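Letters go in sequence order (proteins before strands), and every chain restarts at 1. Keep in mind the model is a prediction, meaning the values are calculated, not measured.
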4 protein chains.
Amino acid sequence: MARSRDETKRNQILLTSKSLFADKGFFNTSIADIVRETGFPVGTIYTYFQNKEDIIQKIVEEGWEEFYANLKSIRDSNIPPVEKLRTVIEEIIPELLQDVDLINILLTEAIQYTIIEDKIEKLTDTIDSILQAIPQSKSALTNIPRGFMKTSIVVFFLGILQTAKISKTKVMGITNQDIIDFTKSVISQSVGIKL
Amino acid sequence: MARSRDETKRNQILLTSKSLFADKGFFNTSIADIVRETGFPVGTIYTYFQNKEDIIQKIVEEGWEEFYANLKSIRDSNIPPVEKLRTVIEEIIPELLQDVDLINILLTEAIQYTIIEDKIEKLTDTIDSILQAIPQSKSALTNIPRGFMKTSIVVFFLGILQTAKISKTKVMGITNQDIIDFTKSVISQSVGIKL
Amino acid sequence: MARSRDETKRNQILLTSKSLFADKGFFNTSIADIVRETGFPVGTIYTYFQNKEDIIQKIVEEGWEEFYANLKSIRDSNIPPVEKLRTVIEEIIPELLQDVDLINILLTEAIQYTIIEDKIEKLTDTIDSILQAIPQSKSALTNIPRGFMKTSIVVFFLGILQTAKISKTKVMGITNQDIIDFTKSVISQSVGIKL
Amino acid sequence: MARSRDETKRNQILLTSKSLFADKGFFNTSIADIVRETGFPVGTIYTYFQNKEDIIQKIVEEGWEEFYANLKSIRDSNIPPVEKLRTVIEEIIPELLQDVDLINILLTEAIQYTIIEDKIEKLTDTIDSILQAIPQSKSALTNIPRGFMKTSIVVFFLGILQTAKISKTKVMGITNQDIIDFTKSVISQSVGIKL
DNA sequence: AATGAATGAGTCTTCATTCAT
DNA sequence: TATGAATGAAGACTCATTCAT
């Protein structure tokens, strides 16, 4: 038998490329860069990926899948609705914000290389279903009107991603923790509960 | 070297490039594309701009200047604070959202080619100073804590830009009007006043 | 190294390659194409053939051998000379013309990969010996002068092959039957006999 | 004003490429070969031609145009029909046979890169119209039947080209002069006149 | 000043062949 | 023996920028 596909190599290529794409952008990263950084011969890159675009697509798809799988597992778990929301804000989102490279790519290149609207649809639906399961506090004066739900989730989600992205490279005086705290605060008020 | 004589030509190059950069991205737009689209000879492009990067920089700087000048003129005007806020939301922001090409470039390329943190600093300061001038309604339960002010402005501003950007190309079921209405609603609640 | 065990596999590779080479040309056919089309693993190709060039050489040599063996068997048979000529024109040539793929390869690639002059020498000698055995009709006014014999056979043979080749792919309004009929007519007149 | 298109350069590229393509074949000739042989930088090749294929197409088209223009000028001239035929055989054809490189390319690559059927159509029509203008000698026993006219012209034309092509590289004992003489002889007999 | 041909480093990608398994 | 991942030289082509005219 001949050598068989080495999943480790594939991952190394993916990780190296992700870092390069995030740092320098897709177009400023050459296959030669990936070759240099991974130490693999060019041919090997093309053994595991169809072309340069395929690499970024796989980065985005697989990165997103992981995030979305986490999100869904929370939604489908048996914990109380409010706990679900808390977990999303305290665990899922921070975890995503941690992966700056992925965010960077998601916001700058993903739109060109993947079907972003599907992802946004799934995201808003999932978040929405978690929110709807929460009994509204009587005193909540600031509930988000039903019609704004999608818009608000999208604006908010994209906003925190973009903010996290910029704050990683540029000095803006905003930390990831600020973003998380702010998120918690906004959601608390909007939903009318204490998180 | 970049001597601008004919302001009309310079603007044509700028407008054409802006549209091309927004549509296809900076790297997918060649100088040859700009030449084809403007009808000018290559040499002419280099008479008005130092290089390709100079073009995108000028697009961003001048686009931003215009937006920021508008914003400042509102802040410095004599109308009551709440009216300032209303004008920002009902005029300044919608005007910016209208200029999809600029937003596109701001969000995807500007970060690489301009000093984004300065712009964000100026933006948050200006918005903040407008907000601070508004006497808080007693009943406002949802005021943004002082410490979150910057974060919230940045998240919000970047969020609406990114949302507007995506919604222009991809079918997400969110219109610019949705974004404006949502903005108005959020601000009203946060500040505790009726806009 | 090129150990042929399974004659069936070897033939499949040869047939598939012949068809591919004829359709797309030697250089536009990759080993990967042959792999895909035969379903064999790459290694197997190299078990039966030394390299890509070896494949085309074998196609040409073996194809030619078959044709030439047929031709010789006619020449060496006991039938009358005129019948030999008739058989060549009515059976051997049509059979060759049928094998478009071989002709294609013979005319476009063979010259580079095999010793074509040997083949032509053998061909003209064989045809010549068949013709010489035919007693010239007294009334034949159009006999080919002895010195033109070789030239005429070569020009004619190459001409019908090339014509058949082109007419297979391009609409020229010439069929294989036209070529055969024309051949018969020319030979009849040249040799001064009725075929 | 900038430098203007240099027709000399274009021709040098064309001539060099023609020689290389004829010698080594289209696929065995790299752009790097053309660069080395012409001494021009790569970019210059692409200033004058769209791509590699464009080069071979131009070689074929322009070479053919020249040949065909000559042929037509004979057909349309005022000399007697038989003289036209003689000129074709003694001048036009030999001239074409001289241009081995062109023939080589015509026969091996042209079919893939140009519309060969159009050329053949035009060729047969032109030759045919010259032949038809010649009053048939009463004693001509070997006239080509009308239906075979096209086939015979095509087979003959392609045959002499292919023969000339091979005889240039391989020792077959056939010279260009043999081909011309043979042609003259065949035509004389077929048409029933003395050339 | 205006022009556009000239330039060549650098891009992505291919593919015949090998050889570890 | 059978396999197919590994390899890297070589391929065609691009394009921002310059500079001769």
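Considering every non-hydrogen atom in both D/S19 and D/D101, the closest pair reads CA-OD2, 3.5 Å.
By the 30° and 60° cut-offs, the orientation of the rings of C/W64 relative to C/Y68 is parallel.
Atom CZ in A/R10 sits about 19 Å away from atom P in F/dG4, given to the nearest Å. Distance B/R36 CZ to E/dG4 P: 15 Å, rounded to the nearest Å. Summarising the geometry, the separation between CZ on D/R3 and P on E/dA5 is reported as 10 Å, rounded to the nearest angstrom.
Under the side-chain contact (heavy atoms from CB on, under 4.5 Å) criterion, A/E117 pairs with A/I115, B/K170, B/M172, not counting sequence neighbours. Residues passing the side-chain contact (heavy atoms from CB on, under 4.5 Å) test with C/E109 are C/F26, C/I56, C/I105, C/Y113, sequence neighbours excluded. By the side chain to side chain donor-acceptor pair (under 3.5 Å) test, C/E62 is found to be paired with C/R10, residues two or more places apart in sequence or in another chain being considered. Under the salt bridge (charged side-chain N to carboxylate O under 4.0 Å, His left out) criterion, A/D99 pairs with A/K18, sequence neighbours left out. With sequence neighbours excluded, no residue forms a side chain to side chain donor-acceptor pair (under 3.5 Å) with B/E53. By the side-chain contact (heavy atoms from CB on, under 4.5 Å) test, C/E65 pairs with no residue at all, sequence neighbours left out. Residues meeting the salt bridge (charged side-chain N to carboxylate O under 4.0 Å, His left out) test with C/R36, sequence neighbours left out: C/D33. Partners of D/Y46 according to the ring-ring contact (aromatic ring centres under 6.0 Å, His included) rule, which considers only residues two or more places apart in sequence or in another chain, do not exist here. Partners of C/K119 according to the side chain to side chain donor-acceptor pair (under 3.5 Å) rule, which considers only residues two or more places apart in sequence or in another chain, are C/E61.
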With both pairing distances under 3.5 angstrom for Watson-Crick or G-U wobble, and | for a partner in another strand, the correct string for DNA chain F is .||||||||||||||||||||
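At the heavy-atom level, A/K9 lies under 4.0 Å from the strands shown only through sugar-phosphate atoms.
Taken residue by residue, residues 20-35 of chain D places heavy atoms nearer than 4.0 Å to DNA chain F at D/T29, D/S30, D/I31. Residues from residues 44-60 of chain D placing a heavy atom under 4.0 Å of any atom in DNA chain E, listed by number, are D/T44, D/T47, D/Y48.
Projected onto DNA chain F by closest heavy-atom contact, A/P41 and C/G43 fall at different nucleotides, the more 5' of which corresponds to C/G43. Nucleotides of DNA chain E nearest to D/D6 and D/A2 differ in position, and the one nearer the 5' end is that of D/A2.
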